[in-house]
Amino acid sequence: MNNSIPVHVSLIMDGNGRWAKERGKDRVFGHIEGVESVRACVESAIESGVKYLSVYAFSEENWNRPQAEVDALMGLMVKAMAAEMDKLDRNGVRFIVIGNRERLAPELVATIDSCMARTASNETLTLVVFLSYSGKWDILQAAKKMIAEACTCPERLNDMMNMGVGGFDAYLATAGIPDPDLIVRTSGENRLSNYLLWQSAYSEFLFVDTLWPDFRKNEFREALEEYAKRERRYGKVK
């Protein structure tokens, strides 16, 4: 792959509510339109040779939003997966959902599992949807996994004490997925919002003013062009 093309692009999809408000619509209308942006970015990622595309769809903090909006978002997730899966599968897209499932409805969990199983062998692009996810939760659940393993297999404790960064990666919810090369956040906000805190240590960041429903193929390509201008040194001198 061309080194100017990131292996993994991650998108913090922000601005749906403001986009809808500007048009005198309910916030949910912005989320519905935002699905079109996801579709456009998936197509552009495939066309550009990106291998992993991830989207921050719903954070653990988002559970604190009004219940009507949360219910609408969860229903939209089910509908979007059902509507898009044929095309994703046909285009060789592997579909993965990562996050804390404890508060997800059984219908949504069943739909997720079905879609993931159906597309598991696809290799053109991996689409990762972070749902009910937070970076702090991810690090905490990884630590809990290690504690549980140490309790059941005390002989592993010495290995854990000498573990490097790569060893800890294996306990994260993102195990097996490369860290994002480029993280793009829309809507003019300049923060991570508890997203991929461990995995973003050496990511390139791009903050754009475009509201998410307006972020389509052209904007995705512009993000890749900006990435190509960056020099990634990982602490080294060139």
Side-chain angles (χ1 to χ4, degrees), residues 1-14 34-35 37-59 77 80-81 84-85 87-99 112-113 115-135 137-139 142 165-166 168-186 192-208 212 215-217 219-230 232 234:
M1 176 181 291
N2 186 337
N3 290 333
S4 67
I5 300 296
V7 173
H8 181 178
V9 176
S10 196
L11 305 169
I12 300 177
M13 307 181 293
D14 196 15
V35 173
S37 292
V38 175
R39 182 183 296 117
C41 289
V42 168
E43 292 175 357
S44 190
I46 292 173
E47 292 165 1
S48 303
V50 172
K51 299 304 292 182
Y52 289 82
L53 176 68
S54 59
V55 295
Y56 198 15
F58 192 88
S59 71
M77 296 285 181
M81 281 186 274
E84 297 297 321
M85 209 46 54
K87 184 176 181 181
L88 291 177
D89 193 23
R90 189 167 59 250
N91 289 331
V93 178
R94 178 171 62 138
F95 180 79
I96 296 176
V97 174
I98 292 176
I112 290 169
D113 287 341
C115 293
M116 287 178 61
R118 175 179 175 180
T119 63
S121 62
N122 292 341
E123 298 180 345
T124 301
L125 173 73
T126 296
L127 173 62
V128 185
V129 176
F130 286 93
L131 179 62
S132 189
Y133 176 88
S134 83
W137 164 83
D138 197 359
I139 295 169
V165 169
F168 187 74
D169 285 344
Y171 291 90
L172 293 167
T174 54
I177 296 171
D179 292 343
D181 300 293
L182 173 65
I183 296 179
V184 182
R185 180 167 186 153
T186 59
L192 275 177
S193 295
N194 202 1
Y195 181 54
L196 296 179
L197 300 180
W198 176 276
Q199 298 87 338
S200 64
Y202 275 102
S203 300
E204 295 292 324
F205 295 96
L206 178 62
F207 300 104
V208 298
W212 176 247
F215 193 92
R216 299 297 170 91
K217 281 190 173 185
E219 287 72 23
F220 189 87
R221 286 192 292 266
E222 288 178 350
L224 296 188
E225 290 171 2
E226 173 59 31
Y227 173 84
K229 300 175 185 176
R230 308 277 181 95
R232 307 187 75 196
Y234 300 99

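Only heavy atoms go into these numbers, but all of them, side chains included; no hydrogens, no water, no symmetry mates.
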Problem set entry | Evaluation steps, side chain to side chain contact (heavy atoms under 4.5 Å, CB included), between F58 and M13 | CA-CA 9 Å; F58 192 88; M13 307 181 293; over 6 Å; no
For this session: Begin from the C-alpha positions of T126 and V93 and carry the test side chain to side chain contact (heavy atoms under 4.5 Å, CB included) through to its verdict.
Result: CA-CA 6 Å; T126 296; V93 178; over 6 Å; no
Exercise. When you look at R185 and S193, which way does the side-chain hydrogen bond (donor to acceptor under 3.5 Å, both in side chains) test go after all the steps?
Worked result: CA-CA 10 Å; R185 180 167 186 153; S193 295; 2.7 Å; yes
For this session: Report the C-alpha separation of L127 and R94 in whole Å, then their side-chain angles, then the decisive distance to 0.1 Å, and conclude whether the side chain to side chain contact (heavy atoms under 4.5 Å, CB included) test is met.
Result: CA-CA 6 Å; L127 173 62; R94 178 171 62 138; over 6 Å; no
Problem set entry | side chain to side chain contact (heavy atoms under 4.5 Å, CB included) evaluation trace for I98 with V129 | CA-CA 6 Å; I98 292 176; V129 176; over 6 Å; no
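Of the possible polar contacts, one joining the S37 side chain to the W212 backbone as a donor-acceptor pair under 3.5 Å is found. In this structure a side-chain-to-backbone donor-acceptor pair under 3.5 Å is missing from N194 to S134. The backbone N or O of A40 lies less than 3.5 Å from no partner atom in the side chain of S44, so there is not a single donor-acceptor pair. Looking at R230, its side chain never comes within 3.5 Å of a backbone N or O of S4 through a donor-acceptor pair. Here the side chain of S203 pairs no donor or acceptor atom with the backbone of I183 at under 3.5 angstrom. When atom types are taken as modelled, the side chain of E219 and the backbone of R216 share a donor-acceptor pair closer than 3.5 angstrom. Counting only distance, with no hydrogens or angles, the side chain of D138 and the backbone of A173 share a donor-acceptor pair below 3.5 Å. Remark: side-chain polar atoms of H8 are not paired, donor with acceptor, to backbone N or O of Y52 under 3.5 angstrom. Judged by distance alone, the side chain of K51 and the main-chain N or O of T124 form a donor-acceptor pair under 3.5 Å. One N or O on the side chain of T186 and one on the backbone of D14 form a donor-acceptor pair closer than 3.5 Å.
Ring pair Y133/W137 is perpendicular by interplanar angle, where above 60° counts as perpendicular and below 30° as parallel. Using cut-offs of 30° and 60° on the angle between ring planes, the pair F215 and F220 is perpendicular.
Contact record, I5 with S48: CG2-O, 3.6 Å, taken as the closest heavy-atom pair. Closest heavy-atom contact between L196 and S10: CD1-OG, 3.9 Å.
Taking 4.5 Å as the limit, every side-chain heavy atom of N122 sits out of range of all side-chain heavy atoms of F95. Using a 4.5 Å heavy-atom threshold, the side chains of I12 and V184 count as separate. Within the 4.5 Å cutoff, no side-chain heavy atoms of D181 are placed close to those of V9. When side chains are defined from C-beta on, S200 counts as touching L192, because their heavy atoms get closer than 4.5 Å.
Ion pair K217/E43 flagged as a salt bridge, since at least one NZ, NE, NH1 or NH2 atom sits closer than 4.0 Å to an Asp/Glu carboxylate oxygen.
Under the 6.0 Å cut-off for aromatic ring centres, Y56 and F130 do not qualify, their centroids lying 6.0 Å or more apart.
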